[in-house]
Enquirer: 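Take this structure, written in structure tokens, and hold onto it; I'll ask about it next.
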Amino acid sequence: MAVEHAVRRLLGREEYAVLGGLVVMMSVSAAFILTAFPVIYDAFWGSACSAVDTWLVCSGFLQRGFTAGILIGITAPVVGAYLVNRQMALIGEALAHTAFGGVAIGLFVGAAAPQFDYPLVFALIVATLAALAMQYVAVKTDGYADIPIAIMLTGGFALGIAVISYGVTFHATVESYLFGDILFVPFENVQLMVALTLVVVGTVALTHKQLLFITFDREAARLARINVAFYDTLLIVLTALVVVAAMQVLGAILVAGMLVIPVAAAMLLTDSFDHGLILSVLLGQAAVFGGIFLSYSWDIATGAMIILVAIALYVLALVLSAILTGT
């Protein structure tokens, strides 16, 4: 009863509605990925393979890789748009390191008990808990947001290294999460990424007005009786979900790049937040497809190539911006 009373004091009717919407979205997402998604996936890639008939489209591992990349190219810029405009870009890096610690725990548990061999689920749990802890510490330290970020940035990697060094031999698997490996994405993880994408995009659509308000004018948001702490927490949890979704393709070291670089490029080309949000998703898709194609043409790591293509797009946007503004 005491906990329920405390929660009721912290959350208003609007926040309860948002949480209710989240529960509905998670339920719908779970039903979709378990029933309709496998059928749609097979139908889409079967049609694409018949139409194009090339190994780039017909290879099962590339089909999973392209699907995962497309999802990352959507979710990362969508959440990153709010983070970049709030100068919180390093949060993605901190949560990626923490999620790596969760992966290490998941691999350790899976080695001991194969029925629990779901490292991304452990990464999701650890990253979400870390996001909540980061927000709590930031509030308790009077807004010194860099303190919890620094702690998570080093602590997450330290946890992962400690578990890995304990003696369990799964180093090749660890490397795929650390540096990314498009060949390593099983269909079950693609399903998880679809569910996370639906939840993230649906939540942002549901709370876009509030997130935009606290991004650009936090004091006015407080005066308008918006629960700033609640939406801060919501945003950082969404970031944790995106980080976990992107880890297996980009790796823990590179995942923050997709949260930041497409958004930074889009901001150079438009002053409108909504237009920038759409443009950043398009640039994210261009980076993913360009990175995958170039990585297989030149035999270079896919995650690294995606980020390099994103940086090239940022440089191009910088040049175009200079030409358009005459500077």
Side-chain angles (χ1 to χ4, degrees), residues 68 72 75-77 79-80 82-84 86-110 118-138 141 144-166 168 170-181 184-185 189 192-193 196 200 232-233 235-264 301-304 306-307 310-311:
I72 294 165
T75 54
V79 173
Y82 300 99
L83 296 177
V84 170
R86 292 181 60 182
Q87 299 180 347
M88 295 169 62
L90 277 179
I91 280 185
E93 191 72 35
L95 290 175
H97 286 203
T98 307
F100 173 70
V103 164
I105 293 172
L107 292 171
F108 181 84
V109 172
Y118 301 105
L120 279 188
V121 173
F122 281 89
L124 183 61
I125 294 170
V126 171
T128 302
L129 292 175
L132 295 172
M134 192 181 297
Q135 179 62 21
Y136 177 80
V137 174
T141 53
Y144 288 96
D146 56 332
I147 293 176
I149 290 175
I151 292 171
M152 296 297 176
L153 196 62
T154 54
F157 244 42
L159 174 63
I161 293 169
V163 173
I164 292 167
S165 65
Y166 190 70
V168 180
F170 43 69
H171 297 292
T173 307
V174 168
E175 283 189 6
S176 69
Y177 286 102
L178 191 58
F179 301 109
D181 187 354
F184 188 69
V185 182
N189 287 3
L192 178 61
M193 293 173 72
L196 295 178
V200 168
D232 278 344
T233 304
L235 180 59
I236 201 172
V237 170
L238 291 179
T239 305
L241 299 184
V242 171
V243 164
V244 171
M247 271 187 72
Q248 207 166 9
V249 172
L250 295 174
I253 293 177
L254 299 175
V255 68
M258 280 298 286
L259 285 166
V260 176
I261 301 170
V263 178
T302 306
I306 289 173
I307 297 302
I311 293 173

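Please read these numbers as outputs of a predicted model, since none were measured by experiment.
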Enquirer: So which heavy atom on Val126 is nearest to which on Gly102, and how close?
Expert: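 The pair with the smallest heavy-atom distance is CG2-CA, 3.7 Å.
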
Enquirer: Which distance, rounded to the nearest 0.5 Å, do you find between the CG of Leu196 and the CG of Leu124?
Expert: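 One finds 6.0 Å between CG of Leu196 and CG of Leu124.
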
Enquirer: For residues 88-97, which side-chain N or O atoms pair as donor and acceptor with protein atoms under 3.5 Å away, sequence neighbours left out?
Expert:
residue : atom : partner : partner atom : Å
Glu93   : OE2  : His97   : NE2          : 3.1
His97   : ND1  : Leu153  : O            : 2.8

Enquirer: Looking at every heavy atom in both Val237 and Thr128, which two are closest together, and how far apart are they?
Expert: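 So the minimum-distance heavy-atom pair works out to CG1-CG2, 4.1 Å.
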
Enquirer: Compare every heavy atom of Val244 with every heavy atom of Ala99, then report the nearest pair and how far apart it is.
Expert: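 Looking at all heavy atoms of both residues, the shortest contact is CB-CG2, 4.2 Å.
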
Enquirer: For the residue pair Ala127 and Ala240, what are the closest heavy atoms and their distance?
Expert: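 Between these two residues, the closest heavy atoms are O-CB, 3.6 Å.
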
Enquirer: Yes or no on side-chain contact (heavy atoms from CB on, under 4.5 Å) for Val109 and Phe122, after CA distance, side-chain angles and deciding distance?
Expert: CA-CA 9 Å; Val109 172; Phe122 281 89; 3.8 Å; yes

Enquirer: Measuring from Ile261:CD1 to Ile306:CD1, what's the distance to the nearest 0.5 Å?
Expert: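 With rounding to 0.5 Å, CD1 (Ile261) is 11.0 Å from CD1 (Ile306).
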
Enquirer: Should Phe100 and Tyr177 be marked as a ring-ring contact (aromatic ring centres under 6.0 Å, His included) after you check the CA-CA gap, both sets of side-chain angles, and the distance that decides it?
Expert: CA-CA 7 Å; Phe100 173 70; Tyr177 286 102; 8.4 Å; no

Enquirer: Could you tell me which non-hydrogen atom of Met193 sits nearest to which non-hydrogen atom of Ala245, and how far apart they are?
Expert: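 What the structure gives for the nearest pair is CE-O, 2.9 Å.
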
Enquirer: So Thr98 and Leu129, side-chain contact (heavy atoms from CB on, under 4.5 Å) or not? Walk me through it.
Expert: CA-CA 10 Å; Thr98 307; Leu129 292 175; over 6 Å; no

Enquirer: Nearest 0.5 Å, please: how far is CG in Leu259 from CG in Leu254?
Expert: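 If I round to the nearest 0.5 Å, the distance is 12.0 Å.
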
Enquirer: To the nearest 0.5 Å, what is the distance between OG1 on Thr239 and CG on Leu83?
Expert: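 Result: 4.0 Å between the selected atoms.
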
Enquirer: Check side chain to side chain donor-acceptor pair (under 3.5 Å) between Asn189 and all other residues, then give those that pass, not counting sequence neighbours.
Expert: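 Here the qualifying residues are Gln248.
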
Enquirer: Would you compute the distance between atom OG1 of Thr75 and atom CD1 of Ile72 and round it to the nearest 0.5 angstrom?
Expert: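 The distance works out to 7.0 Å.
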
Enquirer: Could you pull out the closest heavy-atom pair between Val243 and Val255, with the gap in Å?
Expert: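 In this case the closest contact between Val243 and Val255 is O-CG2, 3.9 Å.
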
Enquirer: Contact between Arg86 and Asp232 at the side-chain level, heavy atoms closer than 4.5 Å - yes or no?
Expert: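 Arg86 reaches Asp232 side chain to side chain.
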
